Amino acid sequence: MTPEGGIRAQDVRRSFGPVRAVADVDLVAVPGRVTALIGPNGSGKTTLLLMLAGLLTPDAGTISVAGADPVTESYAARSRTGWMPDVFGTWDSLTAREVLTTVGAAYRLDAAAATARAAELLELVHLSDLADQPAHVLSRGQKQRLGMARALVHDPEVLLLDEPASGLDPRSRVDLRVLVRQLAAQGKTVLVSSHVLTELDEMADDAVFLSGGRTVATRSVADGDLPREWRLTALDPAALRRWLEESGQAYRSEDDGPAAIVELADDAAAAALLRSAVGAGVDVSSLAPAGGVLEQAYLALEEERR
Amino acid sequence: MSVDVQTTAPRPTAPGRGTWSLTWHGLRTVTVLELRQRVRSTRWKTALVVWFLVVGLITLLTTGAFSILADDPYNDEPFGGIVYSIVVGFVLFLGLLVAPTLSSGAINGDRNAGTLATLQVTLLTPAEIVLGKLAASWIAALAFLVASIPFLAWALAGGGVSGLALLTTVLMLAVVLGVVCAIGLGFSALVGKTSGSAVLTYLTVGGITAVLPIVFGLLAPVTTTMDEVRVWDVEAGYSWAETEAPECEWHTREIGVWHSERTWWLLAPNPFVVVADAQPLTDEPETLLDDGNMLAALQYGVRYARTGPAAEQDWCSDMVGTSGQSPVEEVVVTDQLVWPWGLGFDLLLGAAGVVVAVNRLRVPTERLSRGTRVA
């Protein structure tokens with residue numbers, strides 16, 4: 001690998017006619033880590049991924065994927081990039097195994113290597129027993145898993161996953177998470193876009209927030225404790241509120257429930273709060289993070305935008 | 001989940017390949033992929049069966065009709081020529097109808113189904129994708145041609161046509177169908193909707209098949225000029241009331257002459273002309289015309305158009321019954337070939353289709369046609 005692995009995108013822009021799909025994106029995804037790409041619908045996630053996958057030229061800006069420029073060194077970049085599109089079109093009359101051997105051949109593996117690789121990947125995404133069924137009998141979630149396997153055929157250094165979790169059942173989501181973590185542990189760069197933020201929480205190390213085609217924030221998810229909101233409930237909500245006010249702890253009431261939401265600096269602060277509440281005789285029934293880190297960050301950004 | 005992900009897949013170390021770089025491996029991958037999909041759809045098999053039955057029926061009917069004539073004791077001429085030319089014409093006509101449907105949805109159809117980008121992100125070059133698709137649609141078209149060969153061979157049994165003619169005809173039919181596939185592929189890369197590319201392909205094929213010959217006809221007044229022609233005519237002042245036959249003598253007259261040799265090339269790209277002109281004739285054109293061999297007639301016709309008007313004309317001999325002694329030489333139809341020009345033009349059209357398609361499949365793309373997705 002070249003010293004500059006991973007994904008680097010700087011000042012990337014792309015318009016379709018009058019529509020500015022990507023207005024100004026900066027993004028860095030580091031090898032060995034999973035980076036989440038988060039943004040509302042129409043924020044330019046898919047367009048950005050198409051540019052990173054080497055299918056679209058950016059109007060401006062520079063991109064480097066696994067050390068290669070997808071525009072000027074398209075062949076090298078494509079050989080190191082695995083892309084899983086959001087809409088998974090498939091060759092309907094081919095079997096799952098044939099889809100993978102065909103893609104293997106398209107990545108210039110010889111027949112024996114492609115066959116071996118296909119069997120291995122079918123095992124990996126739990127499609128072995130459906131391997132010789134035509135792809136059109138697969139359910140949406142199964143197709144999604146086949147799409148994941150397809151992106152891995154040539155053992156790429158960089159993985160671009162566009163909404164990989166959509167249509168997956170809970171078991172497959174867990175499998176996906178484990179697989180993605182495993183790939184990152186092998187030193188691959190993984191960029192995942194998704195709407196399911198709680199899931200990204202458990203999967204991602206870093207997060208890049210897009211809005212209106214711009215990078216609006218970059219956060220680290222896993223490193224260190226971040227200030228976040230916690231949700232506090234007690235058997236007697238009135239007593240809880242009274243105690244919170246007496247102890248000078250800032251809080252707000254939950255919009256649609258009896259709980260109080262407090263912002264705490266880290267886990268230690270949460271433990272301290274719980275201890276003093278119990279000590280003061282408040283019957284605390286639960287104290288837990290209110291939503292994931294990413295969800296809170298996302299909603300906070302949404303707030304700012306309004 | 002315990003399977004090790006990093007395994008046998010070798011790291012691609014091949015040097016970069018350009019848009020036009022072509023390997024047998026890549027070409028075969030795309031062709032096999034396309035053919036697998038085609039063969040597994042039932043419509044395709046049905047179409048082939050229907051084709052076989054229709055061509056068989058036509059052969060049977062024409063053979064039946066002309067066998068009856070051949071049984072006539074006063075008419076022992078071979079009927080092979082007419083059956084052969086009807087079957088070839090029919091196969092070509094049906095082929096021109098079927099070939100566009102085989103290729104005109106190959107690229108935009110995949111784009112709409114979201115499977116084109118899947119190939120584009122791999123290490124296949126655009127040329128491999130396009131030529132692989134072309135090969136697949138051509139092979140499919142050839143399957144229709146192969147299904148017709150028994151009937152073409154059957155027509156040979158009627159006599160009057162050589163085996164060599166069968167060979168050249170089948171070869172030309174194959175090339176013409178390949179050209180139509182290539183044109184369809186070009187439009188399918190150019191236009192977003194499969195129906196749009198099919199219509200444009202039909203219009204192009206219709207253009208070279210029907211519109212150019214019509215233009216050739218409409219240009220007749222333009223290419224007709226008043227020329228001085230030496231005419232072997234009835235003697236001056238002959239009144240037709242006399243009992244004695246008139247003498248023939250040379251006159252110089254200014255008459256309208258159609259210079260079809262200036263516009264014959266408008267006929268050349270026509271697929272029927274290409275097929276007809278390429279076949280070797282075993283006999284004198286007149287004999288073949290008597291047999292009703294329409295391919296021979298077409299060949300004679302275009303060569304005649306290419307020959308152009310003669311400098312001398314005989315208006316007299318037939319009238320006075322002295323044709324044997326006419327000093328005007330009979331028109332010798334040129335033996336210059338017409339089909340290489342027509343086929344050359346058609347191949348250029350096909351090549352243009354391929355070039356357009358390859359350029360449109362280049363990644364990364366700069367522009368998207370309106371309403372299309374890359375993925």
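Every chain is numbered from 1 and lettered A, B, ... according to where its sequence line falls, protein lines coming before strand lines. Everything quoted here is computed from the prediction, not taken from an experiment.
- Annotation: side chain of Pro364(B) is not in contact with side chain of Leu55(A) (no heavy-atom distance under 4.5 Å).
- When only modelled atom types and interatomic distance are considered, Thr23(B) and Arg108(A) share a side-chain donor-acceptor pair under 3.5 Å.
- Thr57(A) places a side-chain N or O within 3.5 Å of a backbone atom of Thr365(B) that can act as its donor or acceptor partner.
- Side chain of Arg78(A) to main chain of Leu123(B): no donor-acceptor pair is present (N/O by atom type, distance under 3.5 Å, no hydrogens or angles).
- You'll find the side chain of Val121(B) reaches within 4.5 Å of the side chain of Tyr107(A), heavy atoms only.
- Thr125(B) contributes atom OG1, which lies 8.5 Å from atom OH of Tyr75(A) (distance to the nearest 0.5 angstrom).
- The CD atom of Glu98(A) lies 4.0 Å from the CZ atom of Arg40(B); values are rounded to the nearest 0.5 Å.
- By number of non-hydrogen pairs under 4.5 angstrom with chain B, the leading residue of Pro58(A), Ser93(A), Ala53(A), Ala114(A) is Ser93(A).
- Listed by first then second residue, pairs satisfying side chain to side chain donor-acceptor pair (under 3.5 Å) with a partner in residues 138-147 of chain B number zero, not counting sequence neighbours.
- Asp92(A) places none of its side-chain heavy atoms less than 4.5 Å from the side chain of Gln37(B).
- Annotation: the span from Trp83(A) atom CH2 to Gln120(B) atom CD amounts to 8.5 Å, rounded to 0.5 Å.
- If you measure heavy-atom distances from Ala76(A) to chain B, you find no contacts under 4.5 Å at all.
- Dense packing is recorded around CZ of Arg177(A), with more than 12 heavy atoms of other residues, nucleotides or ligands lying under 6.0 Å away.
- Leu119(B) contributes atom CG, which lies 9.0 Å from atom OG1 of Thr102(A) (distance to the nearest 0.5 angstrom).
- Residues Ala106(A) and Thr29(B) come closest through the heavy atom pair N-CG2, 3.9 Å.
- Residue Ser74(A) touches chain B through its side chain alone, counting heavy-atom pairs closer than 4.5 Å.
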